[in-house]
Amino acid sequence: MSEPERPEHARIDRYEPAAIEPLWQQRWAELGLYDTNLADDSRPKYYLLTMYDYPSGDLHIGHWYVKTPTDALGRFHRMRGENVFMPIGFDAFGLPAENAAIKNKVHPHTWTLKNIDTMRRQLRSMGAGWDWNAEVVTCEPEYYRWNQWIFLRFLEAGLAYRAKSPVDWCPNDGTLAREQVEGTDRHCWRCGARVEKRELEQWYLRTTKYADELLDFTGLEWPEPIKLMQTNWIGRSEGAEVDFTTAADDAQPGGDQLRVFTTRPDTLYGATFMVMSPEHALVPKLTHPSQATEIAAYVAAASRETEIERMSTEREKTGVFTGSYAVNPINGERIPIWIADYVLAGYGTGAIMAVPAHDERDFAFAQKFGLPIRRVIAGSEVSDAEVAAPLTQAYIAHGATDRMVNSGPHSGKPAKQGFADIVAMLEKEGRGKAAINYRLRDWLMSRQRYWGTPIPVVYCDKDGMVPVPDDQLPVRLPETVDYAGSGNSPLKSDAAFMNTTCPQCGGPAQRETDTMDTFIDSSWYWFRYLSPADKNLPVDRSIEARWCPVDQYTGGAEHAVMHLLYARFFTKAMADCGLVHEREPFKRLFNQGQILGADGERMSKSRGNVQDPDELVARYGADTVRLFLMFMGPWDQGGPWSPTGIGGIARFLNRVWYSALDPHGVDAGDPESGTLPAGQDAAAAQEALRAAVHRTLRTVTEEYSEKRFNTMVAHLMELSNLLQRYRGTEIAGTPAWDEAIRLILLMLAPAAPHITDELWSRLAAARGETASSIHATAWPAVDEAAATENEREVPVQVNGKLRDKVQVAVGISEADLEKLVLARPKVVAALDGKTPLKVIHAGGRLVNIVVR
RNA sequence: GCCGAGGUGGCGGAAUGGCAGACGCGCUAGCUUCAGGAGCUAGUACUCGCAAGGGUGUAGGGGUUCAAAUCCCCUCCUCGGCACCA
């Protein structure tokens, strides 16, 4: 074999990411490569969004893990001919700014803007293709005036209201939405303090109006666990409301209707007592004088208790008999009425019919207080004798053969039938009706904090609550500096802000001093990206019609029942106010995993386990860091951070670099370098290379589409290893080789944008051409003819154990293959003289010979 | 307690009924370089064997199948969500 002609060429430049990456970032910005023309409808649109960040001031590796694969996805779609819109912004209102302000005596606005500047710089170092023209910063009046404007529309539509009720109260952060109280110990999601209940007048958004629509995920490609979490959070229960009538006694005339909600109307005959929550309105009236002292003491104790104590499931049941009785509407039975704190005031009607035989909690209560337990449901396998025997635990299952027992005329009916019949009977007699209850509550959205959107209403002595007219928006957040978070609205301390005039009568009035929950900001921001400078409306409906819903949204699963549910609610509410067309915000959702600290804990400054990406970028370059994060494992998995192995990615890019720029180079350490593999001539080698390249292209295209970035990188490494094998041989520099280099660069471009654009332009320059950016180049098409294989290796098993492999032509008949296989010495040996019973052909992919 | 996701070499992981461990890290040996915490080549699940080759193996146990990491049943462990919602 003749030594290929090695042209005399200049020394090959080394791959130095630090030298090339900033240059490319600058060039892309100059070219406006990522400035999306939203009016361009010549191509299909692709709205790609990653959850925007709170500007806490520094970007850690977790931000890279979230953002760089998303960027690769956007670049891939752009190369496939779609008009990609990938905006970015900052969720800039919120407590950390306020806390930092208290601690460091810096104004939250100053602190926030400084952090945003830092983050912009760090974000640019990723080399991501964001459209910075659409940037949104939520703490600026240009943004939050639209929070106020939308709020006023909600107010007009009856979707926002003010009400007094017991609310979750954090000593540091004031009121919280229900979603913002976490864990068994009922702590604040932000500061971790224990949350109390307080009776307060607060602003709510009517999320419950959309409960059923929020349960409908038709047309949404969302991860099943997220849909399930939302479904459980909404907690729809079908059942019935039943009115029990209180009985007369020596202290009261009776005749009051005590309404309960139950999911088991089929167990109505098993109701042996009733329980009201201590806060129930009828408690005073139904308290018999003989029980008054005890009841008063219990009610007082319950109101003092924290949520933690009341909600603990481990705690033994407590309760007090009121002294009164109610009449069961189905059988006229007199049953005692108790109060107990295991019945919640805020769910259903705040009172229950207790069916101890078929409810665990009622069972425990009945046992403790010696109340009767009557079985009314039993499976067909339970004998009559067993039905009569006392239960040792509540039977709560819904068995397929469940029938009613001890239920008067209904006895013997299937439980399902009894459910329907009893509801129908109650409805007919006006003693009850079918009803649905939700666990979901309306969204408590007012906060006693400074750094948020002022709620645009005033209170006038004469006119009461008056909305601020649109033409007076925004209600600007004053420069107030007294924001010591005692739970008292800081805006109250600013007399100049608070005292105003009534828009209706011109008389003295006071502004609302609560601000909005910052989740309001993130509940519609993707609309604002579409028309960030619009002065008349929050979003231009014609642009929204073209660009919504968001095609792909990516973010963490921790937002399952907060941000993602609020965003869906807002979209529906805004649609009902005529502001947008779409009723769902995000068509496709992907939850990437979370990068934890090396200790396996969440990355946080206080734990000191935060990995700073700047160091890694300085040492290895952004492309290596990007690829490494994609290569670590499946994107939805995340895991503890470890930089071990990043060197492998650096080596890979280095090999790509030298393969592209120095195809004729040989490796001194490899005796075979520069020679073709044994038995392969130049023609065969080129064919093999083309087959590998086009098969890789087919696979990699699929992997980008399905966000399987880890295997995508692995397949590109495999191809690069093959190129390495042919480097320096006679096929280096042939058209097949050049095609391979061109395609590997194109395939790598979305993931490693800098090195690929650099090599792309150098290769063009070497040909005497000027290349346009690789990122403006079309994604290549698979040459199916080249990718098709002529031969295939077929594994041969005997009784399921691998014994041999045969190389055969693709399309060989099963008969020929069988003959060939049975003649193989290893197969003959494995058969050991036995006659094959059966030969399984798995579609030409495998042969299995079955013997006894 | 209920619901969900998961458990594969020394490590990250690949394979969703058909060759377990792709790709990478680490490790071992050799080569190469003025030098390197650089580069290249080969080997690397466990186990018996000089080797050829054999046996075992995907948390544990059972099952379905010609064939199981993959499907079914039971048990254990890890992570996430919910917290008396009638």
Side-chain angles (χ1 to χ4, degrees), chain A residues 182-186 223-226 228-229 231-233 235 237 239 260-264 267 275 307 310-315 317 340-344 346-355 358-362 364-365 437-441 557-558 560-561 594 596 600 628 631-634 636-640 642-652 654-655 658 666-673 708 710-718 720-721 724 793-805 826 829 837-843 845-851:
Chain A
E182 296 181 334
T184 324
D185 61 344
R186 309 276 77 202
E224 289 302 324
I226 298 291
L228 198 63
M229 272 193 252
T231 302
N232 292 340
W233 187 264
S237 299
V260 300
F261 173 74
T262 177
T263 54
R264 299 293 305 270
T267 64
V275 187
E307 281 274 289
R310 269 190 74 160
M311 312 249 315
S312 164
T313 41
E314 276 98 83
R315 198 183 68 151
K317 297 271 181 291
D341 62 9
Y342 81 90
V343 173
L344 309 174
Y347 182 80
T349 62
I352 62 158
M353 63 178 211
V355 184
H358 304 291
D359 182 281
E360 277 178 356
R361 298 150 299 179
D362 298 346
F365 193 81
N437 248 290
Y438 301 92
R439 217 185 68 120
L440 181 74
R441 306 294 158 83
E558 65 273 20
V561 293
Q594 196 172 35
L596 307 170
F628 179 60
F631 184 63
M632 269 175 53
D636 56 3
Q637 201 173 285
S642 162
T644 311
I646 195 168
I649 299 289
R651 274 194 282 278
F652 162 58
N654 222 26
R655 281 194 286 263
Y658 285 107
V666 287
D667 292 304
D670 175 10
E672 287 179 27
S673 180
R708 282 166 25 220
N710 57 329
T711 53
M712 180 274 291
V713 175
H715 285 121
L716 290 179
M717 285 175 163
E718 243 171 315
S720 160
N721 290 345
Q724 188 69 20
E793 189 185 58
V794 177
V796 184
Q797 299 180 333
V798 175
N799 281 347
K801 281 186 204 244
L802 183 71
R803 295 300 177 190
D804 200 4
K805 290 177 184 183
K826 283 182 184 172
L837 281 181
K838 202 157 58 158
V839 178
I840 311 274
H841 293 268
R845 291 188 313 278
L846 172 142
V847 174
N848 188 14
I849 304 160
V850 186
V851 293

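Letters go in sequence order (proteins before strands), and every chain restarts at 1.
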field: Protein-to-nucleotide contact annotation, 5' to 3' order, nucleotides 11-21 of chain B [B base; S sugar-phosphate only; - none; under 4.0 Å, heavy atom]
entry: -BSS---BB--

query: Counting only heavy atoms not in A:E360, do more than 12 fall under 6.0 Å of its CD?
result: no

message: Counting the atoms with a prime plus P, OP1 and OP2 as sugar-phosphate, which does A:S237 contact under 4.0 Å by heavy atoms, base, sugar-phosphate, or nothing?
response: sugar-phosphate

Show each protein N/O and nucleotides 44-51 of chain B N/O combination with a separation under 3.5 Å, one pair to a line.
none

- request: Give a yes or no on whether the backbone of A:V796 and the side-chain of A:N848 come within a donor-acceptor separation of less than 3.5 Å.
  value: no

query: Under 4.0 Å: is that the gap between some side-chain N or O of A:R651 and OP1 or OP2 of B:G26?
result: yes

- request: Give the rounded distance in Å between these two atoms: CG of A:D636 and P of B:G80.
  value: 16 Å

task: Send over the distance from A:F628 CZ to B:G24 P, rounded to a whole Å.
output: 14 Å

- request: Grab the CG-P distance between A:L716 and B:G24 for me, whole Å please.
  value: 12 Å

message: What's the gap between B:G4 and B:A38 when it is taken at their C1' atoms, as a whole Å value?
response: 48 Å

message: On the nucleotide B:G54, are OP1 or OP2 found under 4.0 Å from the side-chain N or O atoms that A:R803 carries?
response: yes

- prompt: Quick one: A:M712 CE to B:C23 C1', roughly how many Å, whole number?
  reply: 12 Å

- request: Assign A:D362 to base, sugar-phosphate, or nothing according to its heavy-atom contacts below 4.0 angstrom with the strands shown.
  value: nothing

query: Contact class for A:R441 (heavy atom, under 4.0 Å): base, sugar-phosphate, or nothing?
result: base

message: Ring-plane angle category for A:F365 and A:Y342, please: parallel below 30°, perpendicular beyond 60°, tilted otherwise.
response: tilted

- prompt: Does A:N721 put a side-chain nitrogen or oxygen below 4.0 Å from OP1 or OP2 of B:G24?
  reply: yes

message: I need the A:L846 CG to A:K805 NZ distance, nearest 0.5 Å.
response: 11.0 Å

